[in-house]
Asks: 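Have a look at this one.
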2 protein chains.
Amino acid sequence: MTKERMVNRIIGAGLKNTKYRVNIIEMLSKTDELVSAQEIYNRLLKKSIFINLSTVYRTLDILVDNKILNRVTIEGEKQSFYEYNRDIHHHFLICRGCNKIIPIYDCPLEDYEQKLKSESGFVITGHRVEFYGYCDECRKNLI
Amino acid sequence: MTKERMVNRIIGAGLKNTKYRVNIIEMLSKTDELVSAQEIYNRLLKKSIFINLSTVYRTLDILVDNKILNRVTIEGEKQSFYEYNRDIHHHFLICRGCNKIIPIYDCPLEDYEQKLKSESGFVITGHRVEFYGYCDECRKNLI
DNA sequence: ACGCAAATGCAAATCATTTGCATCTAAATT
DNA sequence: AATTTAGATGCAAATGATTTGCATTTGCGT
Ligand SMILES: [Mn+2]
Ligand SMILES: [Mn+2]
Ligand SMILES: [Zn+2]
Ligand SMILES: [Zn+2]
């Protein structure tokens, strides 16, 4: 993911090319972690990038609206998380021990959605799936 | 669900039997809707039951801790919703048009969880699944 | 009826997120 | 290159759901 491609995605969405937008896209495109707004702010600060927290929020909103990022909400967590949108349908495995969030690039629901559609009359436009449990490491610490 | 059984669930959990706890359990046990704390407050008010909103929250917390109710969070909604816990594993179908939430008493993930367990080394303790789309009625209004 | 721990009411605090408004900047236009 | 202006940003204050501290009340065992 070159800086040029990021700028192209920003401009392509009809947005102004600003350093903070590039910074945020850059950070998220380099990880598959889910990162909160506050954590984005903290990580930028660590790199001496002085963005205002409300600009972080506004930037995230706009980038989500333009499908450059995804907003993800996790059961039991009050803040939202963000990830770079790679246009790869996926779900999450979430450790209740260490709060690690692991993406799963696999979907068990494709067939089921068809079934649901015919049974319910609903037009299904998407779904969300999360698995909860304990990762290898945390499992060991469960006494 | 008789009032006596509700009182038994409360006492069985080691809690004091109070009118508000019974009122809230009673309300939720009579519907399969997901209801927010504020909406619970409003519905009680309509029946001239004058509970304080913070008591609603505290009661919900305790009843969730004691597995008498379930707390449910919905993608894109900031408040939590509550349902009576019937100990029946289920998921939800959510209409993006009218925000109707329909429980689905069926689970497409039982086999998949096993697979995931062996592949990831995770101990899986639960999952969450939601389907989003448009119900019959709202589909018609989609131009 | 008495005593105490638990439950409640009320007001204030908290926390993530949003907003109003003044100022600044990207980038289109002269 | 200077000018213009819509859109972006900073800052402080507002918001909305939820939580908390503390005084008062209530359920329930004695
Ligand atoms: Mn899927
Ligand atoms: Mn299931
Ligand atoms: Zn873990
Ligand atoms: Zn609908």
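Order of the sequence lines sets the chain letters (A, B, ...), proteins ahead of strands, with each chain counted from 1.
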Asks: Might you list the N or O atoms of the protein lying below 3.5 Å from N or O atoms in nucleotides 27-30 of chain C, with each pair's distance?
Replies:
from: C:dA27; atom 1: OP1; to: A:N17; atom 2: N; distance (Å): 2.9

Asks: Whether A:D106 and B:K115 form a salt bridge (side-chain N of Lys/Arg under 4.0 Å from carboxylate O of Asp/Glu) is what I want to check.
Replies: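 Counted as a salt bridge, because a side-chain N and a carboxylate O are separated by less than 4.0 Å.
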Asks: Looking at A:H127 versus A:H89, is the centre-to-centre ring distance below 6.0 Å?
Replies: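 Yes; A:H89 has its ring centre under 6.0 Å from that of A:H127.
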Asks: Residues two or more places apart in sequence or in another chain: which of them pass side-chain hydrogen bond (donor to acceptor under 3.5 Å, both in side chains) with B:E33?
Replies: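 Residues passing side-chain hydrogen bond (donor to acceptor under 3.5 Å, both in side chains) with B:E33: B:T31, B:R43.
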Asks: Output a table of donor-acceptor pairs, distance under 3.5 Å, between side-chain atoms of residues 16-25 of chain A and any protein atom two or more places apart or on a different chain; print 'none' if there are none.
Replies:
from: A:T18; atom 1: OG1; to: A:R21; atom 2: N; distance (Å): 3.4
from: A:Y20; atom 1: OH; to: A:F50; atom 2: O; distance (Å): 3.2
from: A:R21; atom 1: NH1; to: A:K16; atom 2: O; distance (Å): 2.9
from: A:N23; atom 1: ND2; to: A:K19; atom 2: O; distance (Å): 3.0

Asks: Which residues pass the side-chain contact (heavy atoms from CB on, under 4.5 Å) test with B:Q79, not counting sequence neighbours?
Replies: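 Partners of B:Q79 by the side-chain contact (heavy atoms from CB on, under 4.5 Å) criterion, ordered by chain and then number, come out as B:S36, B:E77, B:F81.
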Asks: Please report the distance, rounded to the nearest Å, between OH in B:Y20 and P in D:dG27.
Replies: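 Those two atoms, OH and P, are 10 Å apart.
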Asks: For B:E137, is there an ion pair with B:R139 - N to carboxylate O distance below 4.0 angstrom?
Replies: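 Salt bridge absent between B:R139 and B:E137.
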Asks: How close or far is atom P of C:dA6 from atom CG of B:D65, stated in whole angstroms?
Replies: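 Going from B:D65 (CG) to C:dA6 (P), I get 15 Å.
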Asks: Let me check something: any side-chain donor-acceptor pairs from residues 64-72 of chain A under 3.5 Å, sequence neighbours excluded? List them with distances.
Replies:
from: A:N66; atom 1: ND2; to: A:I62; atom 2: O; distance (Å): 2.8
from: A:N70; atom 1: ND2; to: A:E83; atom 2: OE2; distance (Å): 2.9
from: A:R71; atom 1: NE; to: A:Y82; atom 2: OH; distance (Å): 3.2
from: A:R71; atom 1: NH2; to: A:D61; atom 2: OD1; distance (Å): 2.4

Asks: With sequence neighbours excluded, tell me which residues meet ring-ring contact (aromatic ring centres under 6.0 Å, His included) with A:F92.
Replies: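 Scan of A:F92 (ring-ring contact (aromatic ring centres under 6.0 Å, His included), adjacent residues dropped) gives A:H90.
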Asks: Salt bridge check: are B:K117 and B:E113 linked by an N-O gap of less than 4.0 Å?
Replies: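 Result for this pair is no, no salt bridge flagged.
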Asks: Under the ring-ring contact (aromatic ring centres under 6.0 Å, His included) rule, collect the residues that match up with A:Y112, sequence neighbours excluded.
Replies: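 B:F131.
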Asks: Rounded to whole angstrom units, what separation is found between the CG atom of B:N66 and the P atom of C:dA6?
Replies: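 In whole Å, C:dA6 P lies 13 Å from B:N66 CG.
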Asks: Return the angle between end axes of the helix from C:dA1-D:dT30 to C:dT30-D:dA1, with five pairs used per end and rounding to 10°.
Replies: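 Here the helix ends are tilted 20° relative to one another.
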Asks: Any idea which heavy atoms bring B:P108 and B:H91 closest together, and the distance?
Replies: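 Closest heavy-atom pair between B:P108 and B:H91: CD-CD2, 4.2 Å.
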Asks: At a heavy-atom distance below 4.0 Å, what parts of residues 39-52 of chain A sit against DNA chain C?
Replies: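 The answer is none.
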Asks: Whole Å only: how far is the CZ atom of A:R21 from the C1' atom of D:dT9?
Replies: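 Those two atoms, CZ and C1', are 10 Å apart.
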Asks: Considering residues at least two apart in sequence or located in another chain, which fulfil the side-chain contact (heavy atoms from CB on, under 4.5 Å) criterion with A:S54?
Replies: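 Partners of A:S54 under the side-chain contact (heavy atoms from CB on, under 4.5 Å) test: A:N52, A:R58.
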Asks: Mind checking what makes side-chain contact (heavy atoms from CB on, under 4.5 Å) contact with B:N42, not counting sequence neighbours?
Replies: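 Partners of B:N42 by the side-chain contact (heavy atoms from CB on, under 4.5 Å) criterion, ordered by chain and then number, come out as B:Q38, B:E39.
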Asks: So if I define the base as every atom that isn't primed, P, OP1 or OP2, how would nucleotides 12-23 of chain C read as a B/S/- string at a heavy-atom cutoff under 4.0 Å?
Replies: ----SBBBB---
